[in-house]
Amino acid sequence: MRYILEEYIDLKQIAESGQCFRWRMGPNNEYLVIAGDKYAYIKADYEGESTIIEIECDKKNDNFWTHYLDLETSYSDIRSKIMKKDRFLGLAADNRSGIRILNQDPWEMLITFIVSQRKNIPAITACVEKLSVAAGQKIGKARSGEDIYSFPSPEALAGLSIDDLNACSLGYRSKYIKRAAEDVLGGMTDLDALSHLDDEALHAALCELYGVGVKVANCVVLFGYHRLNAFPIDVWIERVLTEHYPEGFPFKRYSPYCGVMQQYLFSYYRDTHK
DNA sequence: AGGCAGGTTCTTA
DNA sequence: TAAGAACCTGCC
């Protein structure tokens, strides 16, 4: 399927933005993207101001992928809220204008960001992949010939022992993952029901989960529930705030899109402070 | 060899 | 209520 839109979209920027960990770059800047129990090959070409997105997937999943990429949202409109005098954000946003906040699954985000604590991106990627091989299902074959595994269901994850989880290099996070899986499976935690809560209540509810603190909860709110105002503060964003916003970040000004601004800041700052 | 990486929990004052 | 230590693992 081809999709043309009047916005700049940069798959590489998205793949490296730290919101998704199952994008694999292949030849010609084409990505194999796995989300939940689906996968697609996605590439982008450019014509003037337009981006042409090409998605190769099961026909019945066309809508899933256009929504996944958040193609219905205008990010240039969001960027137009950036104040001229906010030079650092302006620079970051200009530089990272191809980033979008994907529509990802709350369950997958919950587990992924529990995994993420005190890990760098390559380590997170490796863990998520090991988890998927250990408890996911084969859903197809990549062009490379490798099997593609779905992200594990709560039931499948709950079925793993602590030893199985440790084998995925989860370390002390194994017990968090196990508990989260058991709670979701048993209905103690109803991730669908949480979607009815407002941002603040949603964040608070997620913080109740074992192994989920303020930062991870914010990532789940932003990436799993697509609440674009959520603003996760990790060590990188902490540095941005200290260096560039000593008087405080203008949250009110950028509401309800603070999370989008956070992504621009995070991606740009991290790349320029390697 | 020791420190640190996109945090959270547990312990201690 | 708040600071500090401990926590798995892999990589520099």
Side-chain angles (χ1 to χ4, degrees), chain A residues 12-23 88-89 92 95-96 99-102 104 106 108-135 157 160-184 188-189 202-225 227-245 249 258-274:
Chain A
K12 188 164 187 289
Q13 287 181 3
I14 295 171
E16 295 174 0
S17 69
Q19 59 176 308
C20 50
F21 301 90
R22 304 198 74 195
W23 284 45
F88 187 70
L89 178 56
N95 227 273
R96 301 294 141 135
I99 289 184
R100 312 176 74 75
I101 308 290
L102 303 171
Q104 300 191 81
E108 183 166 345
M109 292 301 96
L110 174 63
I111 297 303
T112 297
F113 283 96
I114 290 175
V115 169
S116 80
Q117 54 190 267
R118 278 185 76 76
K119 279 182 180 295
N120 55 27
I121 289 177
I124 300 164
T125 304
C127 283
V128 171
E129 207 47 44
K130 285 181 191 174
L131 267 180
S132 300
V133 172
L157 262 198
L160 295 184
S161 66
I162 289 289
D163 283 345
D164 294 333
L165 292 166
N166 286 340
C168 298
S169 306
L170 293 170
Y172 62 86
R173 305 160 194 82
S174 291
K175 57 186 181 293
Y176 303 153
I177 303 286
K178 184 151 187 65
R179 179 84 72 85
E182 288 168 349
D183 288 352
V184 170
M188 290 271 295
T189 303
L202 173 60
H203 182 260
L206 291 168
C207 283
E208 293 299 308
L209 303 178
Y210 184 46
V212 177
V214 171
K215 190 271 180 178
V216 168
N218 258 320
C219 286
V220 178
V221 172
L222 177 58
F223 302 127
Y225 289 88
R227 304 293 179 85
L228 299 184
N229 207 37
F231 193 91
I233 299 178
D234 57 24
V235 296
W236 295 97
I237 289 295
E238 188 72 58
R239 291 170 195 158
V240 170
L241 295 181
T242 306
E243 286 177 33
H244 297 281
Y245 298 93
F249 186 77
C258 291
V260 177
M261 306 311 178
Q262 188 270 9
Q263 279 293 280
Y264 293 141
L265 293 170
F266 172 78
S267 173
Y268 180 69
Y269 185 88
R270 192 172 149 277
D271 262 17
T272 50
H273 293 76
K274 176 78 195 334

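Within every chain, numbering begins at 1; the chains are lettered A, B, ... in the order of the sequence lines, protein sequences first and strands thereafter. These values consider heavy atoms only, across backbone and side chains, with no hydrogens, waters or symmetry-generated copies.
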Quantified in whole Å, what is the P atom distance between nucleotide B/dT8 and nucleotide C/dC11? 23 Å
Would you call the rings of A/Phe223 and A/Phe113 parallel, tilted or perpendicular, taking 30° and 60° as the class edges? parallel
Searching all strands shown, indicate the nucleotide that pairs with C/dA6 (Watson-Crick or G-U wobble; both distances under 3.5 Å). B/dT8
Could you encode protein contacts along nucleotides 4-11 of chain B as a string, one character per nucleotide from 5' to 3', using B for base contact, S for sugar-phosphate-only contact and - for no contact, with a heavy-atom cut-off of under 4.0 Å? -BBBSSS-
Are A/Gln262 and A/Asn218 side-chain neighbours, meaning at least one heavy-atom pair lies under 4.5 Å? no
In whole Å, measure the gap between the C1' atoms of B/dT9 and C/dG10 for me. 22 Å
Work out which heavy atom in A/Phe249 is nearest to a heavy atom in A/Leu241; give both atom names and the distance. CB-CD2, 3.8 Å
For the pair A/Tyr172 and A/Tyr176, name the ring-plane relationship: parallel under 30°, tilted 30 to 60°, perpendicular over 60°. perpendicular
Nearest heavy atoms of A/Asn166 and A/Ser174, plus distance in Å: OD1-OG, 2.7 Å
Determine the Euclidean distance between corresponding C1' atoms of C/dA2 and B/dG6; express it in Å to zero decimal places. 24 Å
A/Asn166 CG to C/dC7 P: how many Å, rounded? 14 Å
Taking atom P in both C/dA5 and B/dC4, compute the distance separating them and give it to the nearest angstrom. 13 Å
If you take all heavy atoms of A/Leu110 and A/Val220, which pair is closest and at what distance? CA-CG2, 3.7 Å
